[in-house]
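So the structure is just underneath, and the comments pick up after that.
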Number of protein chains: 2
Amino acid sequence: MSLRDQMRKGSTEILILSLLADQPMYGYQISQELAQRSSGYFDVKEGLLYPTLHRMQQAGLLQSQWQETETARRRKYYALTAKGREVLADQASEWQEFMRHLQAMLAS
Amino acid sequence: MSLRDQMRKGSTEILILSLLADQPMYGYQISQELAQRSSGYFDVKEGLLYPTLHRMQQAGLLQSQWQETETARRRKYYALTAKGREVLADQASEWQEFMRHLQAMLAS
DNA sequence: TTCAATGCATAATAAAATTAGGTATTGTGA
DNA sequence: TCACAATACCTAATTTTATTATGCATTGAA
């Protein structure tokens with residue numbers, strides 16, 4: 001595993017939660033948006049994305065809904081639940097705390 | 001695994017490298033120093049610490065040396081190698097980049 | 001008409017964490 | 001004195017989260 005891959009461990013959930021706070025999205029769209037908004041930095045592979053979405057739904061953070069498009073291509077849209085919003089707020093402040101501590105350690 | 005534990009994934013190496021940049025330390029001291037300097041935030045368990053130190057030495061980032069104390073308690077001191085210093089610089093900037101991107105995603 | 005892109009998914013494996021144990025010495029309070 | 005906490009090293013079994021590699025199906029473009 002590369003250095004960059006390794007340090008991204010654990011950030012997948014907050015990224016997804018953060019994205020979905022804007023609006024519901026489907027899996028493929030989530031991966032595209034993450035890459036686009038980070039200029040390619042965040043690149044969540046499918047083998048990680050879908051299991052993570054399923055796990056988060058199982059945990060009650062997301063709800064999903066199949067939607068048919070005009071072109072008959074099926075998409076499963078995910079949206080934050082109330083619990084998902086709570087967890088987003090919690091995780092965001094936890095990440096801030098983590099980054100603050102890490103910054104301090106790197107600075108000294 | 002708790003939320004905090006999860007997000008600390010991948011940060012162990014940079015923390016160790018960063019600490020040892022100051023001075024050589026032995027394993028137990030490393031864990032104590034990390035906890036103390038972060039007011040208890042960073043708490044690297046022994047089951048992670050020692051295998052990590054061994055792996056980093058294997059990778060040529062650290063060199064170690066047994067030292068006997070006046071009380072006959074043995075300590076294995078670890079010090080950064082030249083390669084370890086390079087890797088520290090690399091990882092530090094990678095972490096800065098990661099945090100910058102994550103901040104951006106959380107802000108939007 | 002083939003091939004890239006879209007869109008979902010799972011399986012096998014790897015890396016890094018956890019908990020739980022083991023060994024041994026030293027310092028301390030009841 | 002003597003049990004127990006702290007110091008100091010280590011490994012093993014397991015869990016979590018990542019990777020790569022698949023599979024299936026539809027759509028769009030060269």
Side-chain angles (χ1 to χ4, degrees), chain A residues 1-17 24-36 41-59 61-62 64-78 91 94-95 98, chain B residues 1-17 24-36 41-59 61-62 64-78 91 94-95 98:
Chain A
M1 206 182 305
S2 82
L3 189 62
R4 176 179 290 189
D5 294 334
Q6 185 184 324
M7 71 177 51
R8 272 190 306 223
K9 280 199 174 189
S11 63
T12 308
E13 264 200 37
I14 186 83
L15 289 173
I16 292 172
L17 290 171
M25 293 187 191
Y26 55 96
Y28 191 78
Q29 183 184 13
I30 290 172
S31 71
Q32 298 301 100
E33 281 286 325
L34 282 177
Q36 198 208 308
Y41 185 82
F42 292 118
D43 174 28
V44 179
K45 307 292 196 304
E46 293 182 303
L48 173 60
L49 177 65
Y50 292 109
T52 301
L53 287 171
H54 300 161
R55 187 185 355 118
M56 291 170 73
Q57 179 167 21
Q58 207 62 32
L61 311 185
L62 307 179
S64 70
Q65 187 184 346
W66 282 103
Q67 204 139 325
E68 301 300 324
T69 62
E70 59 291 344
T71 58
R73 176 168 287 165
R74 77 210 208 289
R75 292 166 171 170
K76 194 193 270 186
Y77 278 83
Y78 288 90
Q91 289 205 10
E94 293 247 30
W95 271 102
F98 168 75
Chain B
M1 209 184 302
S2 82
L3 189 63
R4 176 179 291 188
D5 293 334
Q6 184 185 324
M7 72 179 49
R8 270 188 309 218
K9 282 197 175 193
S11 63
T12 307
E13 264 200 37
I14 186 83
L15 290 173
I16 292 173
L17 290 171
M25 292 187 192
Y26 55 96
Y28 191 80
Q29 183 184 13
I30 289 172
S31 71
Q32 298 301 99
E33 281 286 325
L34 281 177
Q36 198 209 308
Y41 184 82
F42 293 117
D43 174 27
V44 179
K45 306 293 195 304
E46 293 184 305
L48 173 60
L49 177 66
Y50 293 109
T52 301
L53 288 172
H54 299 162
R55 188 185 355 114
M56 290 170 74
Q57 179 168 20
Q58 208 61 33
L61 312 185
L62 307 180
S64 70
Q65 187 185 346
W66 281 104
Q67 203 139 327
E68 300 302 323
T69 62
E70 60 292 343
T71 59
R73 175 169 286 161
R74 77 210 209 290
R75 293 167 171 168
K76 195 194 270 183
Y77 277 83
Y78 288 91
Q91 288 204 11
E94 293 246 30
W95 270 103
F98 169 76

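The chains referred to below are lettered A, B, ... by the order of the sequence lines, with proteins before strands, and numbering in each begins at 1.
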Below 4.0 Å: OP1/OP2 of dA15(C) and any side-chain N or O of Arg55(B): no
Where protein sits on nucleotides 7-13 of chain C, one letter per nucleotide: B base, S sugar-phosphate only, - none, heavy atoms under 4.0 Å: SBBB---
Qualifying residues under side chain to side chain donor-acceptor pair (under 3.5 Å), relative to Ser31(A), sequence neighbours excluded: none
Reported CG-to-CG distance for the pair Leu15(B) and Leu49(B), which is rounded to 0.5 angstrom: 11.0 Å
Length of the NZ-C1' vector between Lys45(B) and dT11(D), whole Å: 17 Å
For atom CE of Met25(B) and atom C1' of dA8(D), their distance in whole Å: 16 Å
Interatomic distance, Ile30(A) atom CD1 to Tyr50(A) atom OH [nearest 0.5 angstrom]: 8.5 Å
Rounded distance (Å) that lies between atom C1' of dA16(C) and atom CD of Gln91(B): 13 Å
Results of side chain to side chain donor-acceptor pair (under 3.5 Å) for Gln32(B) - residues two or more places apart only: none
Nearest-angstrom distance from the residue atom CD of Gln58(A) to P of dT16(D): 14 Å
Distance in angstrom units between Glu33(B) CD and dA8(D) P, rounded: 12 Å
Heavy-atom closest pair, residues Ile14(B) and Gln91(B): CD1-CB, 3.5 Å
Protein-nucleotide distance (Ile30(B), atom CD1; dT7(D), atom C1'), rounded to Å: 15 Å
Thr12(A) vs dA18(D): side-chain N/O to OP1/OP2 distance below 4.0 Å: yes
Set of side chain to side chain contact (heavy atoms under 4.5 Å, CB included) partners for Tyr26(B), sequence neighbours left out: Tyr28(B), Gln29(B), Arg75(B), Tyr77(B)
